[in-house]
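Below: one structure, written as structure tokens.
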There are 2 protein chains.
Amino acid sequence: MDKKAKVLDAALKLFVEFGFHNTPTSKIAKEAGISSGTLFYFFPTKDELVVALYLDIKGKLGCEITESISQETSFKDILKKYYTTTLDWAKEHIAEFKFMEQFNSSPYLKKIAEDEIQKYVKPLKELLQNAIDEGVLKNMDLEILFTLISGHTFSINQYLIISEPKESKRGHIISETFDLLWQMIST
Amino acid sequence: MDKKAKVLDAALKLFVEFGFHNTPTSKIAKEAGISSGTLFYFFPTKDELVVALYLDIKGKLGCEITESISQETSFKDILKKYYTTTLDWAKEHIAEFKFMEQFNSSPYLKKIAEDEIQKYVKPLKELLQNAIDEGVLKNMDLEILFTLISGHTFSINQYLIISEPKESKRGHIISETFDLLWQMIST
DNA sequence: CATATAACTGACTAATCAGTCAGTAAAAGT
DNA sequence: ACTTTTACTGACTGATTAGTCAGTTATATG
């Protein structure tokens with residue numbers, strides 16, 4: 001019933017399949033089973049819909065990660081949970097992941113305030129800084145460390161989505177690539 | 001004078017600034033200083049223009065890399081040259097890099113034949129397979145190895161473009177992050 | 001129940017879009 | 001010199017687009 005959510009669902013599906021271009025608001029409304037007017041009632045412009053969808057997804061992934069790492073105590077366990085939760089979430093939310101990818105590398109990204117992005121990035125950066133201070137991680141530039149970890153996670157994610165390994169093999173890949181990452185950044 | 005090249009130049013600039021959507025062919029023609037008809041004389045559809053631009057850029061980067069690694073002999077030197085050449089090229093061709101990124105994570109990618117992509121990927125994969133066989137690199141799945149290397153390169157590239165370090169610092173970052181990569185994948 | 005507010009509709013519009021076409025200019029071939 | 005091919009033009013068009021608006025229905029509130 002929640003028509004606002006239906007618009008976001010429909011937009012996600014169509015954006016991933018056809019891109020931002022080639023996805024008119026009229027098709028989104030049709031796919032969502034609502035009228036064009038209702039779409040613009042909830043989202044005054046198409047751009048605002050795109051940005052709202054992005055923030056919605058970012059928020060959901062953020063919650064998932066925050067919750068999952070809350071049970072861990074050691075830094076290595078926290079980072080591993082970060083890693084596995086991200087990969088598992090992406091597997092169950094492939095469209096969301098593809099959309100975020102598309103959004104991140106488009107000029108739309110500029111429409112989001114810097115602190116909106118930092119909101120999701122800051123907690124991890126603080127964890128990393130602590131780990132550096134405690135001598136658990138190599139003493140390198142925080143930004144570079146962050147880049148290496150996100151880049152590694154992102155690329156393995158891509159690989160897992162494309163190659164669709166069986167669950168057992170998938171587990172191996174995740175744990176082995178995490179070990180490689182850990183070997184690279186830890187003291 | 002070469003108006004076809006001017007179209008590609010103009011398209012690159014506008015796509016990077018405004019995205020594929022929000023970049024009408026009329027604006028591209030205007031920016032290129034030609035008529036709308038000429039644009040469609042060279043590129044029958046907008047999609048074909050986008051794809052042609054992508055292949056043009058891919059080709060140029062490919063040539064650059066092929067040429068630069070031809071002087072090296074040891075595998076480690078070749079890989080390092082691969083790494084540095086890619087990063088240096090991206091620094092001098094930021095728009096090209098951003099466009100490729102946007103293209104790679106858009107549905108446009110599907111419009112390119114698989115073997116067209118493999119053309120650029122195959123040479124590196126063969127080098128990697130040899131290095132595995134010779135025991136220089138860890139014996140891991142070739143695809144994963146390739147993913148790790150590209151992901152690492154890509155993310156450091158992103159970092160360098162955003163943070164714009166001074167030339168001296170830049171050199172340090174490149175050489176240190178290569179060492180980290182090498183440490184991760186070599187035996 | 002009455003009234004106000006929020007959710008929703010779909011026909012409509014002004015603007016914009018990708019692509020066409022009839023025709024011109026320049027270059028290449030014979 | 002003549003003919004053919006290639007490069008190029010820009011006004012035009014039919015389709016599509018984001019967004020509007022006057023009005024309807026549902027929901028909440030007093």
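None of the values given here were measured: they were computed from a predicted structure. In the text below, chain A, chain B and the rest are named by the order of the sequence lines, each starting its count at 1.
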Would you kindly give the [atom1]-to-[atom2] distance between [X] and [N], to the nearest whole Å?
X       : N      : atom1 : atom2 : answer
A:Asp2  : C:dA6  : CG    : C1'   : 14 Å
B:Phe20 : D:dT17 : CZ    : C1'   : 20 Å
B:Phe18 : C:dC17 : CZ    : P     : 12 Å
A:His21 : D:dA15 : NE2   : C1'   : 17 Å
A:Lys27 : D:dG19 : NZ    : C1'   : 18 Å
A:Ile28 : C:dC8  : CD1   : C1'   : 18 Å
A:Lys30 : C:dT9  : NZ    : P     : 15 Å
A:Asn22 : D:dA18 : CG    : P     : 11 Å

It should be established whether [X] places a side-chain nitrogen or oxygen under 4.0 Å from OP1 or OP2 of nucleotide [N].
X       : N      : answer
B:Lys3  : D:dT9  : yes
A:Ser36 : C:dG10 : no
B:Ser35 : D:dT9  : yes
B:Thr38 : D:dA7  : no

Item checked: Salt bridge flag under 4.0 Å for residues A:Asp9 and A:Lys3 ->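 Looking at A:Asp9 and A:Lys3, the cut-off is not met.
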
What distance separates [X] [atom1] from [Y] [atom2], expressed to the nearest 0.5 Å?
X       : Y        : atom1 : atom2 : value
B:Leu8  : B:Phe99  : CG    : CZ    : 9.0 Å
B:Lys80 : B:Asp179 : NZ    : CG    : 5.5 Å
A:Phe43 : A:Thr38  : CZ    : OG1   : 11.5 Å

### Message
For the backbone of A:Gln118 and the side chain of A:Asp115, can you confirm whether one donor and one acceptor N or O come within less than 3.5 Å of each other?
### Response
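Not confirmed, A:Asp115 side chain does not pair with A:Gln118 backbone.
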
For this session: State which residue, out of B:Thr86, B:Thr84, B:Leu148, B:Thr177, fulfils the side chain to side chain contact (heavy atoms under 4.5 Å, CB included) condition with B:Thr153.
Result: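 That would be B:Thr86.
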
Across the strands shown, which category fits A:Ile34 at heavy-atom distances under 4.0 angstrom: base, sugar-phosphate, nothing?
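Sugar-phosphate, backbone atoms only, no base.
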
Check each residue of residues 40-56 of chain A for a non-hydrogen atom within less than 4.0 Å of any atom in DNA chain C, then write out the ones that pass by number, or none.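 Residues of residues 40-56 of chain A under 4.0 Å from DNA chain C: A:Tyr41, A:Phe42.
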
| request: Return the orientation label for the B:Tyr108 and B:Phe20 ring planes: parallel under 30°, perpendicular over 60°, tilted otherwise. | output: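 Plane angle over 60°, so perpendicular.
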
